[in-house]
Amino acid sequence: MGKIHEECGVFGIWSNQAINAAEDIYYGLVALQHRGQESGGIVVCDTRGPLGNICIHKGMGLVSEIFDDGVLAGLRGNIGIGHVRYSTTGESMIENAQPVFLNYLKGTLGLAHNGNITNAGEIREELIEQGATFRGTTDSETIAYKIAMERLSASSIEEAVIRVSRQLKGGYALLIVSPQKLVGVRDPLGLKPLCLGKRGETYMLASESAAITSAGGEFVRDIEPGEVITISEGGVVSDYTLKQSKHAHCIFEYIYFAREDSVMDGISVHGARIKGGAAIARRCPASADVVIGVPDSGIAAAVGFAEESGIPFKLAFHKNSYIGRTFIKPTQKERQSAVQMKLSLIRDVVKGKRVVLIDDSIVRGTTISKLIQTIRKAGATEVHVRISSPPFLYPCYYGTDVPDNSELIANRLSKDEICSFIGADSLEYMEVCDFQEMVGDLPICKACFDNNYPI
């Protein structure tokens with residue numbers, strides 16, 4: 001939908017049982033597919049086999065395109081990690097697909113990473129001076145090499161991970177698999193999500209609780225900001241060396257990124273979106289006959305708007321679930337073509353009606369203008385647009401791919417000018433202060449809206 005892009009999703013599993021870890025990771029990655037559709041990969045290890053017995057497979061495209069029964073059967077192991085990617089750093093090519101896998105003097109490791117490291121360039125230059133040779137151009141590869149380097153003098157993989165994490169600046173959730181252990185790290189601010197799940201004696205780490213459920217597990221808790229969690233034969237051990245008092249959870253997880261059925265840091269994503277829609281209904285009411293939402297993340301906000309305003313909510317769009325998220329298309333023409341294939345309007349819902357159209361954001365404005373044209377052609381008499389987030393004005397440095405400022409329509413045009421450009425009868429945005437109605441007292445990062453960066 002011409003949306004802001006999230007970088008990726010991660011999923012890891014550790015078990016002392018004879019399970020097919022790759023199959024569980026596959027289900028977890030399918031549940032996280034909305035977070036990245038450019039590439040994916042799985043690394044697994046059999047802890048009962050020879051040390052260093054790690055298998056890897058990754059490729060370009062959707063998870064279902066990369067893995068089939070034969071590939072999964074060949075990935076033998078009871079622990080492992082997986083990754084789905086949308087690139088914010090590094091080109092879209094197989095060399096940048098994750099997980100990153102390294103052989104080094106003390107063994108092997110795989111790493112999957114969600115986020116963006118603002119000082120990765122400096123770390124990379126230091127590693128190159130020390131003789132490192134990189135295949136790709138991602139922060140993730142830089143982190144993996146740095147961990148391998150630290151492991152040469154560290155007493156354990158988790159000690160090496162902690163050493164490196166102390167040096168990282170930015171937002172990140174890391175999963176590292178060694179021949180015997182699964183390690184997870186969440187950045188000290190909590191910018192990127194990571195949670196723990198369990199199925200019997202099998203443990204899971206994932207970007208979202210919905211992925212744990214999809215793999216047959218039960219959500220246990222969120223990994224705390226600054227927590228390093230290690231899962232091994234010795235049990236589950238957490239280190240809080242990186243922990244700090246200041247937190248800043250990404251608000252856009254609740255607006256758009258996360259799956260509707262996920263719970264993050266104690267907050268239901270669905271519930272937060274309902275509250276956001278209600279907040280904008282109170283602040284910016286509209287005289288209308290029907291409320292409709294743009295799938296998927298605009299639906300819950302539309303329900304909240306309808307409940308608060310008393311205007312009936314109707315499902316107006318049929319979504320073709322076999323078309324991937326349109327933000328993944330690299331050109332505007334491709335994005336618009338994907339929108340036309342993905343969403344079709346149920347004309348009877350809007351014909352002869354004054355319509356309130358709810359969406360979660362306006363980035364460039366071209367996509368929503370197409371939808372409004374379609375709604376008008378179907379016979380709507382008025383179209384009032386309500387956006388369940390403030391205008392995007394500033395870049396993100398922590399792993400959310402906000403376009404260049406010149407592409408952000410709110411940076412070039414006033415609200416009235418945007419309203420005219422998209423062809424709406426009225427346009428209103430959520431206010432920054434309304435976020436607390438969505439997430440309560442959860443400390444949040446909202447820098448792309450208010451220019452107040454937590455780092």
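Quick caveat, the model's predicted, so the values are computed rather than measured.
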| task | Evaluate whether atom CZ of F449 has more than 12 neighbouring non-hydrogen atoms of other residues, nucleotides or ligands under 6.0 angstrom away. | result | yes
| said: If you define the side chain from C-beta out and look only at heavy atoms, does anything of C250 sit under 4.5 Å from Y398? | reply: no
| said: As an exercise, state the distance from OG of S388 to CZ of R273, rounded to the nearest 0.5 Å. | reply: 8.5 Å
| query | Can you check side chain to side chain contact (heavy atoms under 4.5 Å, CB included) on E122 and K169, steps first, answer last? | reply | CA-CA 11 Å; E122 301 167 23; K169 297 178 182 178; 5.9 Å; no
| task | Please determine if K243 forms a cation-pi arrangement with Y240, meaning its NZ or CZ atom is less than 6.0 Å from the six-membered ring centre and no more than 45° off the ring axis. | result | yes
| task | Report yes if some heavy atom in the side chain of V43 is under 4.5 Å from a heavy atom in the side chain of I54; otherwise report no. | result | yes
| task | Provide the closest heavy-atom pair for L196 versus I231 in the form atom of the first, atom of the second, distance. | result | CD1-CD1, 4.2 Å
| query | Are the side chains of D239 and T230 in touch, meaning some heavy atoms are under 4.5 Å apart? | reply | no
| Under 4.0 Å between a Lys/Arg side-chain N and an Asp/Glu carboxylate O for R221 and E227? | yes
| Tell me, do L111 and P99 make a side-chain contact under 4.5 Å, heavy atoms counted? | no
| said: Evaluate R85 against S140 for side chain to side chain donor-acceptor pair (under 3.5 Å), listing each step before the verdict. | reply: CA-CA 11 Å; R85 182 173 190 259; S140 311; over 6 Å; no
| task | For residues F67 and I42, determine if any side-chain heavy atom of one lies less than 4.5 Å from a side-chain heavy atom of the other. | result | yes
| field | Heavy-atom check, side chain of I280 versus side chain of D434, under 4.5 Å | value | no
| Is it the case that R151 places NZ or CZ above or below the six-membered ring of Y104, under 6.0 angstrom from the centre and within 45 degrees of the axis? | no
| message | We want to know whether R163 and S153 form a side-chain donor-acceptor pair, criterion being a heavy-atom distance below 3.5 angstrom. | response | yes
| So, R135 and E141, do they make that salt bridge, N to O below 4.0 Å? | no
| request: Begin from the C-alpha positions of D24 and R199 and carry the test side chain to side chain contact (heavy atoms under 4.5 Å, CB included) through to its verdict. | output: CA-CA 11 Å; D24 289 317; R199 185 188 66 211; 3.1 Å; yes
| said: For the CD1 atom of I422 and the CG atom of L413, what is their distance to the nearest 0.5 Å? | reply: 10.5 Å
| field | Any side-chain heavy-atom pair of Q37 and V84 under 4.5 Å | value | no
| Is the backbone N or O of L72 less than 3.5 Å from a side-chain atom of H57, with the two atoms forming a donor-acceptor pair by type? | no
| query | Is the F252 to F392 ring centre distance short of 6.0 Å? | reply | yes
| Residue of the set D46, V44, V177 for which side chain to side chain contact (heavy atoms under 4.5 Å, CB included) holds with I79 | V177
| said: A quick test of your reading: do over 12 heavy atoms of other residues, nucleotides or ligands sit less than 6.0 Å from CD of E218? | reply: no
| Between N96 and T138, is any side-chain donor less than 3.5 angstrom from a side-chain acceptor? | no
| query | Can you tell me if E201 uses its side chain to pair, donor with acceptor, with the backbone of N16 under 3.5 Å? | reply | no
| query | Would one find more than 12 heavy atoms of other residues, nucleotides or ligands at under 6.0 Å from atom CG of D68? | reply | yes
